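Here is the structure we will look at, set down as structure tokens.
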Amino acid sequence: MSKPVRVRFAPSPTGPLHIGGVRTALYNYLFAKKQGGTFILRIEDTDQTRYIKGAEEYIQEALKWSGIVPDEGPEKGGDYGPYRQSDRKAGYGKFVQQLIDEDKAYYAFDSAEELTEMREQAKKAKMPNWQYNSITRNSMKNSLTLSKDEVQAKLDANEPYAVRIKIPRNEEVRFHDTIRGWIVVNTSNLDDKVIFKSDGMPTYHMANVIDDYNMKISHVIRGEEWLPSAPLHVLLYRFLGWEDAMPEFAHLPLILKPDGNGKLSKRDGDRLGFPVFPINWKNPETGETASGYREQGYFPEAFTNMLAFLGWNPGSDQEIYPLQDLIDAFSLERVGKAGAKFDAKKTVWFNEQYLKNTENKKLAELLVPVLKEQEIEFNTAQLPSICGLLKERASFLTEMVQNGLYFFKAPNEYDEKTINKKWKENAPHIVEDLKAAFSRTDYTAQSLKEAFETYLAQNELSFGKAGPVLRVAITGSGMGPSLFDICAILGQKEVESRINKALKELP
RNA sequence: GGUCCGUUCGUCUAGGGGUUAGGACACCACCCUUUCACGGUGGAGACACGGGUUCGAUUCCCGUACGGACUACCA
């Protein structure tokens, strides 16, 4: 029997989460829920210099909006806390010491300046990739080259130091990746990475391994950018004596920019005409706001549906998968290997699908705050049927309001194109006649339609002669839903008043 | 440069040793409709290249090309 599924999403609070990060969180969440496991949020704030105020709150809110709710995390708590690495600071030292004592890591006293100097020298000597490794460490300032007394003296004098892992010379590191299969790397290509910084905090690599072990993480599902450092992490598990408890790895393909090349980044902001963030992010330094999917009017489930399909698919022809359906269908085996270019148009399409599939009553509820915000007066009872007509021709809730403003107030302008083309000298008569004909009906869509058709027949007019004219008089627009539905909703009084107004304003 | 990962229509992808290589978005045409959408029907559009293995490779193997990630006391 395998161990219980426990996965974590481990962002660093250095800014807003972008959609790639959200997708990683989503896959972790879907996997956990599908397996009946636990989804954990852990904040990786080992780099205090990069800490951005508000970033952690942003992450929590973004996940909440997306419906990706952690079972354990800094907000929720849990049995394996704390869930912020800065709060776990005290726990890392002993493992670092253990590695040093077992000759698997060593003190390094080289300053940042010395290292930079070293790299520049190497570059000049046409060695573009200088590494602190099994060869170069012999000529550096560390506990391998210094005598025991010298090291102790430096330590006693509180000289700053980092701790580096002592990568073995020529060994093969093998590990299995759920998405990519077996991966083999020779340790000669690895460098002696710093695992403990001079500021007293572990680096990501060390903290990540220790925390995953202590939190009993069963699967590490993260972006492909971590693949190159995975062998280091495997080595760390081995050195710490935890290889048996090592999680299974799954490295996700990247989300790529739609234009050109490379992975989508936070810096792409709104540059490409679509948001890269789940919710608005106000940069505390510049005061600028980068837009988010929530504020653009996306349904959270359209957003997660779209995201899930960027790199994964259920193997069926169905594409609309609300969150619970995603959970039911999800498996890591069906995640692809190749990076996926982001497609903003398809994203809009997903939202349209959810808009059309949402019940009119529900849509009406969602529309109320939008209308209130725009100070548009409305009749609550009419809202559901208005939504029913408008949702077929909009991508977003807000767009419904824009397109259907005439449901809420009489037009002040009349579409010029339609006027020029259709509003001929007999137009006022037609409209006047129709007003009268309509007034003899009960103002249901059906009876209005019948009255309209009877009028056409009696006067030998085509639909195209009368329809657009009446439409533009009542709505100001040349297009939209069925005219009879519109008139039925507006009611006799309003329709007549609008016709009167149009007759006054139009030639 | 080095290491690692990848490559099916423009995009997201299904598939897999023998298929008319399937679907979706976008695009085009037609139908429906007073109009705009929705919807429907149809169209154009892909296995990067070269070697193997095989009766047969888009599918398996090896190269090449191209793309990407990583290459910090950042995560």
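Everything numeric here is computed off the predicted structure, so don't read it as measured data. To find a chain, count down the sequence lines: A is the first, B the second, and so on, and within it residues start at 1.
Of the nucleotides present, none pairs with B:A46 by Watson-Crick or G-U wobble criteria with both distances under 3.5 Å. Of all nucleotides present, none satisfies the Watson-Crick or G-U wobble test against B:C73 with each distance under 3.5 Å. With a cut-off of 3.5 Å on both pairing distances, B:U20 has no Watson-Crick or G-U wobble partner at all. With a cut-off of 3.5 Å on both pairing distances, the Watson-Crick or G-U wobble partner of B:G67 is B:C5. The partner of B:C36, taking Watson-Crick or G-U wobble pairs whose two distances both stay under 3.5 Å, does not exist in any strand shown. Base pairing of B:A26 is not made with any nucleotide, judged by Watson-Crick or G-U wobble geometry with both donor-acceptor distances under 3.5 Å. Searching all strands for a Watson-Crick or G-U wobble partner of B:U54 with both distances below 3.5 Å returns nothing.
Ring pair A:Phe309/A:Tyr321: centre-to-centre distance below 6.0 Å. Annotation: A:Phe303 is not in aromatic contact with A:Tyr298 [ring centroid separation under 6.0 Å not met].
Remark: C1' of B:G68 and CG of A:Leu252 are 15 Å apart, rounded to the nearest angstrom. Atom CG of A:Leu256 is separated from atom C1' of B:U13 by 15 Å (rounded to the nearest Å). One interatomic measurement links the two molecules: CZ of A:Phe342 to C1' of B:A26, which rounds to 14 Å at whole-angstrom precision. Regarding A:Ile486, its CD1 atom lies at a distance of 14 Å from the C1' atom of B:U33, rounded to whole Å. Atom CD in A:Glu333 sits roughly 14 Å away from atom P in B:A14 (whole-Å rounding). For A:Glu352 and B:C36, the CD to C1' distance is 14 Å, given to the nearest whole Å. Distance, A:Lys123 NZ to B:G1 P: 14 Å, rounded to whole Å. A straight line from CD of A:Gln131 to C1' of B:C70 spans 11 Å, rounded to a whole angstrom.
Among the protein residues, A:Gly336 comes within range of no part of the nucleic acid, since none of its heavy atoms lies under 4.0 Å from any strand. Residue-level contact check: A:Lys126 touches neither bases nor backbone, having no heavy atom under 4.0 Å from any strand. Within 4.0 Å (heavy atoms only), A:Arg222 reaches no atom of the nucleic acid at all. In this structure, A:Ile195 reaches neither bases nor backbone, as no heavy-atom distance under 4.0 Å exists between it and the strands shown. Among the protein residues, A:Lys356 comes within range of the sugar-phosphate backbone only, with heavy atoms under 4.0 Å from sugar or phosphate atoms but none that close to a base.
Under the rule for a side-chain contact (heavy atoms from CB on, under 4.5 Å), A:Glu460 has no partner lying at least two apart in sequence or in another chain. Every residue two or more places apart in sequence or in another chain was checked for a salt bridge (charged side-chain N to carboxylate O under 4.0 Å, His left out) with A:Asp110, and none qualifies. With sequence neighbours left out, the salt bridge (charged side-chain N to carboxylate O under 4.0 Å, His left out) criterion links A:Arg119 to no other residue. With sequence neighbours excluded, the residues forming a side-chain contact (heavy atoms from CB on, under 4.5 Å) with A:Ala122 are A:Met127, A:Trp130, listed by chain and number. Judged as a side-chain contact (heavy atoms from CB on, under 4.5 Å), and not counting sequence neighbours, the contacts of A:Glu225 are A:Leu254, A:Lys263.
Here the straight-line distance linking atom CG of A:Asn426 with atom NZ of A:Lys465 works out to 8.0 Å at 0.5 Å rounding. Between atom CE of residue A:Met118 and atom OH of residue A:Tyr132 there is a gap of 9.5 Å, rounded to the nearest 0.5 Å. The line from CD1 of A:Ile167 to CD of A:Gln131 is 10.0 Å long, rounded to the nearest 0.5 Å.
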At a cut-off of 3.5 Å, list every protein nitrogen or oxygen paired with a nitrogen or oxygen from nucleotides 41-45 of chain B, distance to 0.1 Å.
none

Dump the pairs, protein N or O against N or O of nucleotides 3-7 of chain B, anything under 3.5 Å, distances to one decimal.
{"unit_1": "B:C5", "atom_1": "O2'", "unit_2": "A:Arg180", "atom_2": "NH1", "d": "2.6"}

Tabulated below should be each protein N or O lying under 3.5 Å from an N or O of nucleotides 72-75 of chain B; please produce it.
{"unit_1": "B:C73", "atom_1": "OP2", "unit_2": "A:Arg164", "atom_2": "NH2", "d": "3.1"}
{"unit_1": "B:C73", "atom_1": "O2", "unit_2": "A:Ser198", "atom_2": "N", "d": "2.6"}
{"unit_1": "B:C73", "atom_1": "O2", "unit_2": "A:Ser198", "atom_2": "OG", "d": "2.8"}
{"unit_1": "B:C73", "atom_1": "N3", "unit_2": "A:Ser198", "atom_2": "OG", "d": "3.2"}
{"unit_1": "B:C73", "atom_1": "N4", "unit_2": "A:Asp110", "atom_2": "O", "d": "2.7"}
{"unit_1": "B:C74", "atom_1": "OP2", "unit_2": "A:Lys197", "atom_2": "NZ", "d": "3.4"}
{"unit_1": "B:C74", "atom_1": "O2'", "unit_2": "A:Asp47", "atom_2": "OD2", "d": "3.1"}
{"unit_1": "B:C74", "atom_1": "O2'", "unit_2": "A:Arg50", "atom_2": "NE", "d": "3.3"}
{"unit_1": "B:C74", "atom_1": "O2'", "unit_2": "A:Arg50", "atom_2": "NH2", "d": "3.4"}
{"unit_1": "B:C74", "atom_1": "O2", "unit_2": "A:Arg50", "atom_2": "NH1", "d": "3.4"}
{"unit_1": "B:C74", "atom_1": "O2", "unit_2": "A:Arg50", "atom_2": "NH2", "d": "3.3"}
{"unit_1": "B:A75", "atom_1": "OP1", "unit_2": "A:Thr46", "atom_2": "OG1", "d": "2.7"}
{"unit_1": "B:A75", "atom_1": "OP1", "unit_2": "A:Lys197", "atom_2": "NZ", "d": "3.0"}
{"unit_1": "B:A75", "atom_1": "OP2", "unit_2": "A:Tyr204", "atom_2": "N", "d": "3.1"}
{"unit_1": "B:A75", "atom_1": "O3'", "unit_2": "A:Glu44", "atom_2": "OE1", "d": "3.4"}

Check nucleotides 28-31 of chain B against the protein and report each pair of N or O atoms closer than 3.5 Å, with its distance, or say if there are none.
none

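When the nucleotides B:G68, B:U35, B:C12 are ranked by their closest atom to the side chain of A:Lys341, B:C12 comes out on top. The side chain of A:Arg334 lies closest to B:A14, out of B:A14, B:C12, B:U34.
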If you apply the rule side chain to side chain donor-acceptor pair (under 3.5 Å), what do you find for A:Asn142 with A:Tyr161, and how did you get there?
CA-CA 9 Å; A:Asn142 55 53; A:Tyr161 66 87; over 6 Å; no
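Residue order along RNA chain B, read from the 5' end via each residue's closest nucleotide, puts A:Ala340 first among A:Ala340 and A:Lys449.
Rounded to whole Å, the separation between the C1' atoms of B:G15 and B:A24 comes to 15 Å. Nucleotides B:G23 and B:G42 have their C1' atoms positioned 16 Å apart, rounded to a whole Å.
The base of B:A24 sits with one of its N or O atoms less than 3.5 Å from a complementary donor or acceptor on the side chain of A:Lys346. Between the base of B:C38 and the side chain of A:Arg393 there is no donor-acceptor pair shorter than 3.5 Å.
The salt bridge (charged side-chain N to carboxylate O under 4.0 Å, His left out) analysis of residues 308-319 of chain A, with sequence neighbours excluded, yields the pairs A:Glu319-A:Lys346. Legend: ring-ring contact (aromatic ring centres under 6.0 Å, His included) pairs involving residues 416-435 of chain A, not counting sequence neighbours: none detected.
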Enumerate, atom names and distances included, each donor-acceptor pair closer than 3.5 Å involving a side-chain atom of residues 451-458 of chain A, sequence neighbours excluded.
{"unit_1": "A:Glu453", "atom_1": "OE2", "unit_2": "A:Lys449", "atom_2": "NZ", "d": "3.3"}
{"unit_1": "A:Thr454", "atom_1": "OG1", "unit_2": "A:Glu450", "atom_2": "O", "d": "2.8"}
{"unit_1": "A:Tyr455", "atom_1": "OH", "unit_2": "A:Asp433", "atom_2": "OD2", "d": "3.0"}

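In this structure, the aromatic ring of A:Trp349 is not positioned over the six-membered ring of the base of B:C25 within 5.5 Å between centres and 30° between planes.
Heavy atoms from other residues, nucleotides or ligands lying under 6.0 Å from CD of A:Glu359 number 12 at most.
Residue A:Lys257 places none of its side-chain N or O atoms closer than 4.0 Å to OP1 or OP2 of B:G68.
A donor-acceptor pair is defined here as one N or O able to donate and one able to accept, closer than 3.5 Å; such a pair exists between the side chain of A:Lys391 and the backbone of A:Lys356.
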